[in-house]
Amino acid sequence: MANFAKPDGPRFSVDVYQNEYLPEGGSQVDAIVTVTASGGGTLGGAPAPGRPSAAVAVMVDCSGSMDYPPAKMRGAREATAAAIDTLRDGTRFAVIGGTHVAQEVYPGGGRLAVADATTREQAKQALRRLSAGGGTAIGTWLRLADRLLSAADVTIRHGILLTDGRNEHESPEELRATLDACAGRFTCDARGVGTDWDVKEVTGVASALLGTADIVADPAGLAADFTRMMETAMGKEVADVALRVWTPLGATLRFVKQVAPAVEDLTHRRTGAGPRAGDYPTGSWGDESRDYHLSVTVPPAGLGQEMLAARVSLMVPQPDGTVQNLGAQGLVRAVWTDDMAASTAMSPQVAHYTGQAELAQAIQQGIDLRKAGDFDGATAKLGRAVQLADASGNADTAKLLAKVVDVVDAATGTVRLKTRVTEADEMTLETRSTKTVRVKK
């Protein structure tokens with residue numbers, strides 16, 4: 001383990017969990033890399049002096065469907081007001097109303113307001129004028145948020161997006177182009193309210209912009225959820241941290257995945273960082289810990305040989321365009337042995353998270369098969385999901401699965417599809433399918 005204390009910020013550390021022993025001829029090395037940021041003063045009490053500056057844009061769906069029922073629009077106003085109340089003094093912020101176009105609700109004029117008692121009250125007054133009408137083009141909301149946030153000279157840029165419907169007024173290609181343009185410029189949490197929105201659209205926004213996604217089926221729950229999101233955003237202290245992975249000549253990095261607190265495949269987000277090294281984006285950090293699964297193919301070596309299979313470090317960009325190495329480093333090793341017991345043992349951490357990734361995939365496939373009318377296929381996949389959730393102790397996911405299937409035997413994955421499943425229960429399971437439970441180390 002290596003660690004580094006960023007001045008006026010959290011201390012980063014890297015721990016590696018693996019079975020480094022390979023049999024003769026073995027070439028696949030797997031490791032779980034735990035990255036922890038702590039001691040930044042982000043948990044509990046007043047914020048520390050000299051906290052990083054932040055800018056936040058709240059995007060509120062104001063399409064016509066937000067008036068059906070009226071509780072949705074009312075809940076959105078109250079939730080946005082609660083989020084504004086949670087802003088730290090000095091935070092730059094804006095509220096955007098989203099329909100088939102994006103409009104500045106507050107402060108307007110292409111500017112960001114600076115949070116204090118006066119601007120918070122002005123923003124909440126502006127929210128009272130929000131009304132529903134028009135269509136939905138999420139990409140326009142994100143592009144306006146990007147323009148506003150990028151104009152601010154701040155450390156942390158964050159968005160919160162709320163929608164209740166499908167993105168019907170722009171093509172999937174237009175939304176994808178917007179997400180590609182905004183990726184790396186700000187993070188964004190996305191929420192769907194009610195049950196008329198598209199899970200893959202909302203989770204796709206959060207995934208591309210390294211935020212969280214969730215469902216708020218009852219509008220009455222929006223204010224508490226927005227408060228939690230804003231509290232988390234206010235706790236971020238270091239932006240744009242990249243996981244840099246170096247591999248030696250002849251080695252191939254098979255994949256890099258975040259596996260806790262949720263599964264997120266980062267493999268295809270690699271940017272080159274010199275010979276045999278690549279950077280993988282992780283977004284903004286406060287006081288928190290995340291786990292990553294690295295899988296490397298190395299050239300087979302003789303018995304008794306040892307090699308460094310990968311080196312993991314943390315990098316952050318600097319104002320002058322350079323990057324700073326945070327000093328925290330983890331080493332992934334490969335050692336060839338004829339000890340059968342040593343080479344066949346699977347790291348408990350690797351085994352756990354391999355199962356959690358399979359669990360997320362099984363849920364997604366099961367729901368897709370159910371929607372397509374393949375009930376036998378759906379039963380098999382969701383049964384496997386129940387089995388994996390039970391084996392790993394993922395109680396939250398097990399409870400969500402039990403609302404979609406009748407569990408006959410969790411240990412064997414024997415289930416029956418429920419004949420009646422509410423749309424909210426199915427959407428909740430799909431939206432939260434990637435959330436994982438951490439391994440007991």
Side-chain angles (χ1 to χ4, degrees), residues 52 54-62 76 79-80 83-84 86-87 91-98 102 104-105 112 136-152 154-167 170 172 174-193 197-216 222 225-242 258 261-262 264-266 269 281-286 288 290 431-432 434-435:
V56 180
V58 182
M59 293 158 271
V60 183
D61 191 336
C62 296
T80 306
I84 289 167
T86 311
L87 288 167
T91 301
R92 278 71 171 169
F93 76 101
V95 179
I96 294 168
E104 297 177 53
V105 174
L112 293 170
T136 304
I138 292 172
T140 65
W141 317 352
L142 292 167
R143 287 189 183 272
L144 177 54
D146 182 38
R147 287 197 298 274
L148 293 172
L149 294 172
S150 63
V154 294
T155 305
I156 306 293
R157 295 179 178 85
H158 192 79
I160 290 175
L161 184 148
L162 173 71
T163 185
D164 83 318
R166 290 170 173 80
N167 198 42
E170 64 183 355
E174 288 173 315
L175 178 57
R176 172 44 56 187
T178 295
L179 293 174
D180 290 343
C182 294
R185 295 173 61 80
F186 66 98
T187 56
C188 185
D189 295 322
R191 295 294 186 267
V193 60
W197 48 280
D198 186 283
V199 171
K200 287 180 171 58
E201 282 178 354
V202 170
T203 56
V205 169
S207 174
L209 303 182
L210 298 173
T212 64
D214 208 349
I215 178 174
V216 186
L222 279 172
D225 186 67
F226 268 46
T227 299
R228 285 191 297 269
M229 277 194 290
M230 191 64 81
E231 286 173 346
T232 300
M234 292 295 94
K236 301 297 184 182
E237 297 204 63
V238 185
D240 304 322
V241 176
Q258 178 184 285
E264 188 67 60
D265 194 344
L266 303 176
R269 302 191 190 188
T282 69
S284 302
W285 287 70
E288 59 189 297
R290 307 179 200 171
T431 305
R432 298 179 184 173
T434 60
K435 296 184 185 299

Note to self: Are the side chains of V58 and F93 in contact, using a 4.5 Å heavy-atom criterion?
What the structure shows: no
Check: What's the spacing between T140 OG1 and I96 CD1 if we round to 0.5 Å?
Finding: 9.0 Å
Checklist line | Side-chain donor or acceptor of E170 paired with backbone N/O of G139 under 3.5 Å | finding: yes
Note to self: Measuring from atom CE of M229 to atom CG of L161, what distance do you get when rounded to the nearest 0.5 angstrom?
What the structure shows: 9.5 Å
Note to self: Checking M230 against I160 for the side-chain contact (heavy atoms from CB on, under 4.5 Å) test, could you report, in this order, the C-alpha distance in whole Å, the side-chain angles of both residues, the deciding distance, and whether it holds?
What the structure shows: CA-CA 8 Å; M230 191 64 81; I160 290 175; 4.0 Å; yes
Check: Of all heavy-atom pairs between A181 and R143, which one has the smallest distance, and what is that distance?
Finding: CB-NH1, 4.1 Å
Check: Closest approach of L149 and A57, non-hydrogen atoms and distance?
Finding: CD2-N, 3.9 Å
Notebook entry, point to check: Do you know which of T178, D189, L179, N167 makes side chain to side chain contact (heavy atoms under 4.5 Å, CB included) with V205?
Noted result: L179
Note to self: So if I apply the side-chain hydrogen bond (donor to acceptor under 3.5 Å, both in side chains) rule between T187 and each of K236, R157, H158, which one comes out positive?
What the structure shows: H158
Checklist line | Closest heavy-atom pair and its distance - A206, A213 | finding: CB-CB, 3.7 Å
Notebook entry, point to check: Any donor and acceptor pair, going by atom type alone, linking the side chain of Q258 with main-chain N or O of A262 inside 3.5 Å?
Noted result: yes
Note to self: Checking the side chain of T91 only, and the main-chain atoms of A54 only, is there a donor and an acceptor separated by less than 3.5 Å?
What the structure shows: no
Margin query: Is there a side-chain contact between L142 and L175 in this structure, where contact means two heavy atoms from C-beta onward sitting under 4.5 Å apart?
Written below: yes
Item checked: Candidate pair E104 and L148, rule side-chain contact (heavy atoms from CB on, under 4.5 Å), full reasoning -> CA-CA 10 Å; E104 297 177 53; L148 293 172; 4.1 Å; yes
Notebook entry, point to check: Any donor-acceptor pair under 3.5 Å linking the side chain of S207 with the backbone of T203?
Noted result: no
Note to self: Under the criterion side-chain contact (heavy atoms from CB on, under 4.5 Å), I'd like the reasoning laid out for D61 against W197: C-alpha separation, chi angles, the key distance, then a yes or no.
What the structure shows: CA-CA 11 Å; D61 191 336; W197 48 280; over 6 Å; no
Notebook entry, point to check: Can you find a heavy atom in the side chain of I215 that is under 4.5 Å from one in the side chain of R432?
Noted result: yes
Item checked: Separation of D265 CG from T434 OG1 (nearest 0.5 Å) -> 12.0 Å
Item checked: Pair R228 + D225, salt bridge at N-O below 4.0 Å -> yes
Check: Taking side chain as C-beta onward, heavy atoms only, is M59 less than 4.5 Å from C188?
Finding: yes
Next item on the list: Report yes if the side chains of L87 and V56 come closer than 4.5 Å at any heavy-atom pair, otherwise no.
Entry: yes
Next item on the list: Taking R191 for its side chain and T212 for its backbone only, find out whether a donor-acceptor pair lies under 3.5 Å.
Entry: yes
Check: Closest approach of L162 and W141, non-hydrogen atoms and distance?
Finding: O-CZ3, 3.7 Å
Check: When you measure from the side chain of D146 to the backbone N and O of C182, does any donor-acceptor pair fall under 3.5 Å?
Finding: no
Next item on the list: With side-chain contact (heavy atoms from CB on, under 4.5 Å) as the test, would you mind laying out the steps for V95 and T80 before giving the verdict?
Entry: CA-CA 8 Å; V95 179; T80 306; 4.3 Å; yes
Check: Measuring from D164:CG to L222:CG, what's the distance to the nearest 0.5 Å?
Finding: 10.0 Å
Next item on the list: Answer yes when R290 and E264 have at least one side-chain N-carboxylate O distance shorter than 4.0 Å, and no when they do not.
Entry: no
Note to self: If I compare all heavy atoms of P281 with all of L210, which pair ends up nearest, and what's the gap?
What the structure shows: CB-CD1, 3.9 Å
Checklist line | Spacing of D240 atom CG and R185 atom CZ [to the nearest 0.5 Å] | finding: 11.0 Å
Item checked: Closest non-hydrogen atom pair, A55 against V154 -> CB-CG2, 3.8 Å
